[in-house]
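A quick write-up on the structure given underneath.
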Amino acid sequence: MVVVKTIRHLSKAVSEFYNITEQVHGIVEKSGIKNGFVAVITSHTTTGIMVNESLPCVEQDLSELMEKLVPLDEPYLHAHFLPTYGATSNNSQGHLKSALTGNHCLFPVIDGKIVCGGAQEIYLVEYDGPQARKVFVEVMGE
């Protein structure tokens, strides 16, 4: 059996960590699937899915690391007029940060619950907000 649900989020800042852990757990528990796995996938190229400890200091450290790795003031090639969009792109930084973070995570489901470490939280990470965002949660198994 496969159950797919969508988590929607309106980000409020250019960069933001949004904890979706409880929503994902709720979807798995309501799915009726006892054993299998759950995939959490963002549908955007300037967001990421990250699994980490949910502490403000960890979020701040990760934000600062991303800014050092992918600074805003670089001469990115993507920052030019895009005829297909009819506009100039200014979100190169978001695309690169998303590539570093990744766009999904996967957890086993055993006895109807996600199996994860005690400090593992699931984040939708915004790198190009504020925007309306969607995350797909797909629970597969029996």
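When a residue number appears, it is its place in the shown sequence, counting from 1. Remember, predicted model here, so these are calculated numbers, not experimental data.
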Residues in side chain to side chain donor-acceptor pair (under 3.5 Å) contact with [X], at least two apart in sequence or another chain:
X: S98; result: none
X: N19; result: T21, S54, E121
X: T101; result: Y127
X: S11; result: E126

Discussion item. I33 vs V3, test: side-chain contact (heavy atoms from CB on, under 4.5 Å). Steps then yes/no.
Written reply: CA-CA 8 Å; I33 293 173; V3 174; 4.2 Å; yes
Worksheet, complete the sentence: Between V70 and Q93 the two heavy atoms that sit nearest each other are O-NE2, 2.6 Å
Find out if a path of hydrophobic residues (ILVMFWY) with successive side-chain heavy-atom gaps under 4.5 Å connects [X] to [Y].
X: M66; Y: V58; answer: yes
X: V109; Y: V51; answer: yes
X: L62; Y: V125; answer: yes
X: I41; Y: I27; answer: no
X: V40; Y: M50; answer: no

Taking atom [atom1] of [X] and atom [atom2] of [Y], what is their separation to the nearest 0.5 Å?
X: T45; Y: N103; atom1: OG1; atom2: CG; answer: 10.0 Å
X: I7; Y: I20; atom1: CD1; atom2: CD1; answer: 4.5 Å
X: L124; Y: Q23; atom1: CG; atom2: CD; answer: 9.5 Å
X: K34; Y: D111; atom1: NZ; atom2: CG; answer: 8.0 Å

Discussion item. Check whether Q120 reaches the backbone of G117 with its side chain - one donor and one acceptor, N or O, closer than 3.5 Å.
Written reply: yes
Worksheet item: Going through the distances and angles, do I49 and I122 end up as a side-chain contact (heavy atoms from CB on, under 4.5 Å)?
Response: CA-CA 7 Å; I49 297 294; I122 305 166; 4.2 Å; yes
Give every donor-acceptor pair under 3.5 Å between a side-chain atom in residues 134-142 and any protein atom, sequence neighbours left out.
none

Practice prompt. With sequence neighbours left out, write down each residue that passes side-chain contact (heavy atoms from CB on, under 4.5 Å) with L65, or none if nothing qualifies.
Written response: L69
Discussion item. With side-chain contact (heavy atoms from CB on, under 4.5 Å) as the criterion, how do V24 and I114 come out once you've worked through the C-alpha distance, each side chain's angles and the decisive distance to 0.1 Å?
Written reply: CA-CA 9 Å; V24 174; I114 296 175; 3.5 Å; yes
Once salt bridge (Lys or Arg N to Asp or Glu O under 4.0 Å) is applied, what residue pairs with a partner in [range] remain, sequence neighbours excluded?
range: residues 1-27; result: none
range: residues 37-50; result: none
range: residues 55-77; result: E67-K97

Fill in: ring pair (Phe, Tyr, Trp, His ring centres under 6.0 Å) partners of residues 6-38, not counting sequence neighbours, each pair once
H9-Y18, F17-Y123
Fill in: salt bridge (Lys or Arg N to Asp or Glu O under 4.0 Å) partners for E29, two or more places apart
K113
Worksheet item: Remaining members of V115's ILVMFWY cluster at a side-chain heavy-atom cut-off under 4.5 Å?
Response: I110
